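If you're wondering where the values come from, they're calculated on a predicted model, not measured in any experiment.
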Amino acid sequence: MKNLIPDNVSKFDNVYDVLKERGFIEQTTDEEAVRKLLQNEKVKFYIGFDPTADCLHVGHFMQVIIMMYMQKFGHTPVVLLGGGTGMVGDPSGRTDMRQMMDVETIDYNCAQFKKLFERFIEFDDEWKYVGNGGVYQPGHETKTPEPGKAVSVNNGEWIRPLKWIEFVREIGSQFNVNTMLRSEAFKQRMARESGLSFFEFSYMLMQSYDFMVMARDFDVKIEFGGDDQWSNIIGGVDLTRKLLGKEVYGMTFSLLTTSEGKKMGKTQKGALWLDADRCSPYEFFQYWRNVADADVNKCLRMLTFLPMEEVERLSALEGAEINKAKEILAFEITKLVHGEEEARKALEGARSAFGGGASSENIPTTEMDKAVFEGEGKGLVSLLAELKLADSNGDARRTIEQGGCSLNGVKVTDARANVTLDNFEDGVLLIQKGKKKFRKIVIK
């Protein structure tokens with residue numbers, strides 16, 4: 001698998017400078033030391049992913065892009081799957097406790113994550129981590145990872161065999177509760193009526209233990225994470241220094257937020273998933289095509305591999321011209337996630353839907369039985385809800401009454417309207433909700 005990042009992505013030859021130029025870096029435990037380390041050595045670094053679902057979303061994708069940059073510049077990504085920490089759940093950024101999952105669900109989700117990672121990152125699947133039997137029985141890697149390839153390990157291998165007394169004696173004794181309570185994640189939860197369970201309070205110890213284990217057993221030197229992970233990362237750096245006398249480092253990255261500070265990648269259906277079965281390439285494309293003007297620069301910098309000169313040129317466009325930048329943004333991100341063919345189909349479908357004259361073949365299509373629309377037909381309200389063009393019958397009714405629905409280009413404002421065979425043209429009906437949602441119905 002060839003790394004997808006072009007050689008001209010940056011003028012810099014140190015990945016630290018590249019990540020800084022693209023606007024990723026928020027905090028580092030020792031900026032000068034980390035920059036020198038990444039310039040002078042090829043290191044193992046890790047990012048952890050707790051398997052809270054069976055699919056990655058766009059928030060994960062930014063972490064994937066960071067790993068791709070690091071791999072491009074010769075460093076070894078360690079993808080840490082949270083088969084152990086996922087049994088607790090990270091309280092960072094949460095207003096309540098995560099729903100607990102059974103071991104089978106966690107293991108299944110971990111396996112699904114790994115499959116998705118393999119679409120973007122090349123792994124050395126002959127590399128294994130073996131032998132860990134708890135606090136007093138270190139494990140080891142079976143071989144040195146092949147240059148240019150990543151490795152994957154599951155922290156269930158060292159967290160699940162833990163014995164409680166041994167863990168709190170050897171690891172818990174290194175943590176000061178007063179210091180832990182100053183963590184932003186804990187402070188926010190302590191201020192709420194629901195508070196923070198001791199179960200979740202232990203998460204920081206477990207993530208810190210992850211870093212120490214990997215630094216000890218296969219020489220991981222840096223942990224990366226979102227900026228909400230800063231306290232957990234600091235915990236791992238301190239624990240590794242106390243127990244091993246070894247210096248390791250941490251770096252956090254900007255969260256993917258809009259110019260208004262809201263998390264990006266949230267849709268009416270929930271998260272913006274990377275799996276085509278969860279979110280079609282067309283819907284994925286449309287999300288990025290419709291970002292706010294103020295977010296174009298950030299998205300181009302962080303989610304595409306266009307050279308910075310091109311990023312600055314596109315994001316400087318104004319008025320109607322900025323839509324060209326948004327189209328390029330949507331195409332580039334969709335190409336990375338779903339491949340060039342699907343990105344091109346989504347582009348053509350969007351241009352057709354918005355009157356650009358391209359083929360309408362790539363607009364999301366639903367086949368329905370002709371009999372549904374015979375006679376009095378089917379109520380437009382229920383049809384919109386059934387096709388997920390509206391969240392509910394009430395949402396569909398309001399959309400119609402406010403003039404936000406069209407059938408083959410003809411606006412419908414009567415919420416009591418039915419869709420019949422007369423609305424179809426050559427067996428096809430194009431339904432538009434608002435400015436952004438389209439669905440083609442083909443009768444069979």
Checklist entry - Using 4.0 Å as the upper bound for N to carboxylate O, is an ion pair formed by Glu348 and Arg344? => result no
Checklist entry - Hey, does the side chain of Lys128 reach the backbone of Glu141 with a donor-acceptor pair shorter than 3.5 angstrom? => result no
Checklist outcome for this item: Contacts of Ser208 meeting side chain to side chain donor-acceptor pair (under 3.5 Å) (sequence neighbours excluded), chain-then-number -> none
Item to check | Under-4.0 Å salt bridge between Asp30 and Lys36 | outcome: no
Checklist entry - Is the side chain of Asn132 donor-acceptor paired with the backbone N or O of Pro138 at a distance under 3.5 Å, no angle test? => result no
Next on the checklist: Using the rule given for side chain to side chain donor-acceptor pair (under 3.5 Å), can you reason through Gln229 versus Asn232, listing the C-alpha separation, both sets of side-chain angles and the distance that settles it, and then say yes or no?
Outcome noted: CA-CA 5 Å; Gln229 295 298 307; Asn232 291 331; 3.1 Å; yes
Next on the checklist: Ring centroids only, cut at 6.0 angstrom: are Tyr46 and Phe224 within range, meaning strictly under it?
Outcome noted: no
Checklist entry - Of all residues at least two apart in sequence or in a different chain, which pass the side chain to side chain contact (heavy atoms under 4.5 Å, CB included) check with Glu342? => result Pro281, His338, Lys345
Next on the checklist: Looking at Phe12, I'd like to know if the NZ or CZ of Lys20 sits under 6.0 Å from its six-membered ring centre while staying within 45 degrees of the ring's axis.
Outcome noted: no
Item to check | Shortest non-hydrogen contact between Val220 and Val248, atoms and distance | outcome: O-CG1, 3.7 Å
Next on the checklist: Any side-chain to backbone donor/acceptor pair from Thr105 onto Met101? Under 3.5 Å, distance only.
Outcome noted: no
Next on the checklist: Closer than 4.0 angstrom, basic N to acidic O: yes or no for Lys114 and Asp125?
Outcome noted: yes
Checklist entry - Going through the distances and angles, do Phe167 and Trp158 end up as a ring pair (Phe, Tyr, Trp, His ring centres under 6.0 Å)? => result CA-CA 11 Å; Phe167 182 69; Trp158 54 79; over 10 Å; no
Next on the checklist: Between the side chains of Asp295 and Lys298, is the shortest nitrogen-to-carboxylate-oxygen separation below 4.0 Å, so that they form an ion pair?
Outcome noted: no
Scan the side chains in residues 62-77 for donor-acceptor partners under 3.5 Å anywhere in the protein, sequence neighbours excluded, and list what turns up.
from: Tyr69; atom 1: OH; to: Arg22; atom 2: NE; distance (Å): 3.4
from: Gln71; atom 1: NE2; to: Glu122; atom 2: O; distance (Å): 3.3
from: Gln71; atom 1: NE2; to: Gly148; atom 2: O; distance (Å): 2.9
from: Lys72; atom 1: NZ; to: Ile5; atom 2: O; distance (Å): 3.0
from: Lys72; atom 1: NZ; to: Asp7; atom 2: OD1; distance (Å): 2.5
from: His75; atom 1: ND1; to: Val43; atom 2: N; distance (Å): 3.2
from: His75; atom 1: NE2; to: Leu38; atom 2: O; distance (Å): 3.4

Checklist entry - Would you say Lys143 has more than 12 foreign heavy atoms packed within less than 6.0 Å of its NZ? => result yes
Item to check | Between Glu31 and Thr28: side-chain donor-acceptor atoms closer than 3.5 Å | outcome: no
Item to check | Short N-O contact, Asp275 and Arg119, less than 4.0 angstrom | outcome: no
Item to check | salt bridge (Lys or Arg N to Asp or Glu O under 4.0 Å): pairs with one or both residues in residues 300-311, sequence neighbours excluded | outcome: Glu310-Arg313
Checklist entry - Donor-acceptor pair, Asn109 side chain versus Ala53 backbone, under 3.5 Å? => result yes
Next on the checklist: Once ring-ring contact (aromatic ring centres under 6.0 Å, His included) is applied, do any residues pair with Phe201, and if so which ones, sequence neighbours excluded?
Outcome noted: Phe186
Item to check | Between Glu26 and Thr252: side-chain donor-acceptor atoms closer than 3.5 Å | outcome: no
Item to check | Beyond-backbone contact of Val153 with Trp127, side-chain heavy atoms, under 4.5 angstrom | outcome: yes
Next on the checklist: Show the nearest heavy-atom pair for residues Ala215 and Thr240, with the distance to one decimal.
Outcome noted: CB-CG2, 3.9 Å
Checklist entry - Hey, is Asp54 close enough to Lys115 for a salt bridge, meaning N to O under 4.0 Å? => result no
Item to check | salt_bridge(Arg35, Glu32) N-O dist < 4.0 Å | outcome: no
Next on the checklist: Test: salt bridge (Lys or Arg N to Asp or Glu O under 4.0 Å). Region: residues 152-169. Which pairs qualify, not counting sequence neighbours?
Outcome noted: Asp107-Arg160
Next on the checklist: Apply ring pair (Phe, Tyr, Trp, His ring centres under 6.0 Å) to residues Phe61 and Phe120 and explain how you reach the verdict.
Outcome noted: CA-CA 10 Å; Phe61 186 56; Phe120 309 108; 5.4 Å; yes
Next on the checklist: Is the shortest side-chain heavy-atom distance between Glu223 and Val237 below 4.5 Å?
Outcome noted: no
